[in-house]
Amino acid sequence: MVWYPNSQGRHGLNGAKGDLGEQIVEEYCLKNNIEFEPKKDFHSQVVLKIDYIIEGVPIDVKSNYYKGNLAVELFLKKNKIGWLYETSAKQIYGVDVDSKSIFRYNIDDMIDYVSQNKHLVKSNKFGDYIMWIPVENKIIERLQ
């Protein structure tokens, strides 16, 4: 397997959107003088499933905003757990790449929310199980 340090190299056009989300987060950190460390190596990206350490916290960036909601991947059709349960990140930064808005939530808070709201789980066109969470939800903080 060839390793690509960017998401576009690994996932094509969907990965390009992810790369743009990461760029928006970096610009936000630079503009606001927030300490961050990019994690672009294989171990961080594939094993730990993190993109950054921001102010000492492992972060995974997701560019999965759609019509006021963030998608949370729970289970994949191939009987595999989704990134919510697989990441070693402590927080997710959800990005709307069109407006450059950034939203943040804690993984543990989202796992609790999902377990209390299983009736909201939907199957997407790929057969994966996801939940769409409104960005106005109390566990989600808007950063920009």
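These numbers were taken from a predicted model, which means no experiment stands behind them.
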Nearest non-hydrogen partners of [X] and [Y], listed with the distance:
{"X": "Glu73", "Y": "Gly82", "answer": "OE2-CA, 3.4 Å"}
{"X": "Ile50", "Y": "Pro58", "answer": "CG2-CB, 3.9 Å"}
{"X": "Lys67", "Y": "Asn69", "answer": "O-ND2, 3.0 Å"}
{"X": "Ser63", "Y": "Gly21", "answer": "OG-CA, 3.2 Å"}
{"X": "Val95", "Y": "Ile24", "answer": "CG1-CD1, 3.9 Å"}

What distance separates [X] [atom1] from [Y] [atom2], expressed to the nearest 0.5 Å?
{"X": "Met110", "Y": "Leu74", "atom1": "CE", "atom2": "CG", "result": "9.5 Å"}
{"X": "Arg104", "Y": "Glu141", "atom1": "CZ", "atom2": "CD", "result": "4.0 Å"}
{"X": "Ile59", "Y": "Glu37", "atom1": "CD1", "atom2": "CD", "result": "12.5 Å"}
{"X": "Gln116", "Y": "Lys118", "atom1": "CD", "atom2": "NZ", "result": "10.5 Å"}
{"X": "Gln144", "Y": "Ser101", "atom1": "CD", "atom2": "OG", "result": "7.0 Å"}

Not counting sequence neighbours, list each pair that qualifies as a ring pair (Phe, Tyr, Trp, His ring centres under 6.0 Å) and has a residue in residues 98-125.
->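 Checked against ring pair (Phe, Tyr, Trp, His ring centres under 6.0 Å) - neighbours excluded - the pairs reaching residues 98-125 are Tyr65-Phe103.
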
Selection residues 69-98 - residue pairs positive for ring pair (Phe, Tyr, Trp, His ring centres under 6.0 Å), sequence neighbours left out |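 Pairs touching residues 69-98 that pass the test: Phe75-Tyr85.
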
By side-chain hydrogen bond (donor to acceptor under 3.5 Å, both in side chains) - contacts of Ser115 (at least two apart) | none

With Lys49 via side chain to side chain contact (heavy atoms under 4.5 Å, CB included) - residues at least two apart =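 Side chain to side chain contact (heavy atoms under 4.5 Å, CB included) list for Lys49, sorted by chain: Glu86, Thr87.
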
Taking Asn64 for its side chain and Ala71 for its backbone only, find out whether a donor-acceptor pair lies under 3.5 Å.
-> yes

Just by distance, do the side chain of Asn124 and the backbone of Gly127 share a donor-acceptor pair under 3.5 Å?
->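 Side chain of Asn124 to backbone of Gly127: a pair is present.
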
ILVMFWY network linking [X] to [Y], side-chain heavy atoms under 4.5 angstrom:
{"X": "Ile140", "Y": "Val72", "result": "yes"}
{"X": "Ile92", "Y": "Leu143", "result": "no"}
{"X": "Ile139", "Y": "Leu84", "result": "yes"}
{"X": "Val114", "Y": "Leu120", "result": "yes"}
{"X": "Leu70", "Y": "Ile107", "result": "yes"}

Go through Lys90 and Asn106 one step at a time and tell me if the side-chain contact (heavy atoms from CB on, under 4.5 Å) criterion holds.
-> CA-CA 6 Å; Lys90 299 297 180 198; Asn106 293 320; 5.9 Å; no

N/O donor to acceptor pairs below 3.5 angstrom from side-chain atoms of residues 26-34, sequence neighbours left out:
from  : atom 1 : to    : atom 2 : distance (Å)
Glu26 : OE2    : Tyr52 : OH     : 2.7
Glu27 : OE2    : Gln23 : NE2    : 3.1
Asn32 : ND2    : Tyr28 : O      : 2.8

In terms of heavy-atom contacts, does CG of Asp108 have more than 12 from other residues, nucleotides or ligands at under 6.0 Å?
->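 No, the 6.0 Å shell around CG holds no more than 12 heavy atoms from other groups.
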
Indicate every side-chain donor-acceptor pair of residues 128-136 with a distance under 3.5 Å to a residue at least two apart or in another chain.
from   : atom 1 : to    : atom 2 : distance (Å)
Asp128 : OD1    : Lys77 : N      : 2.9

Are any of the side-chain nitrogens in Glu22 or Lys39 under 4.0 Å away from the carboxylate oxygens of its partner?
-> no

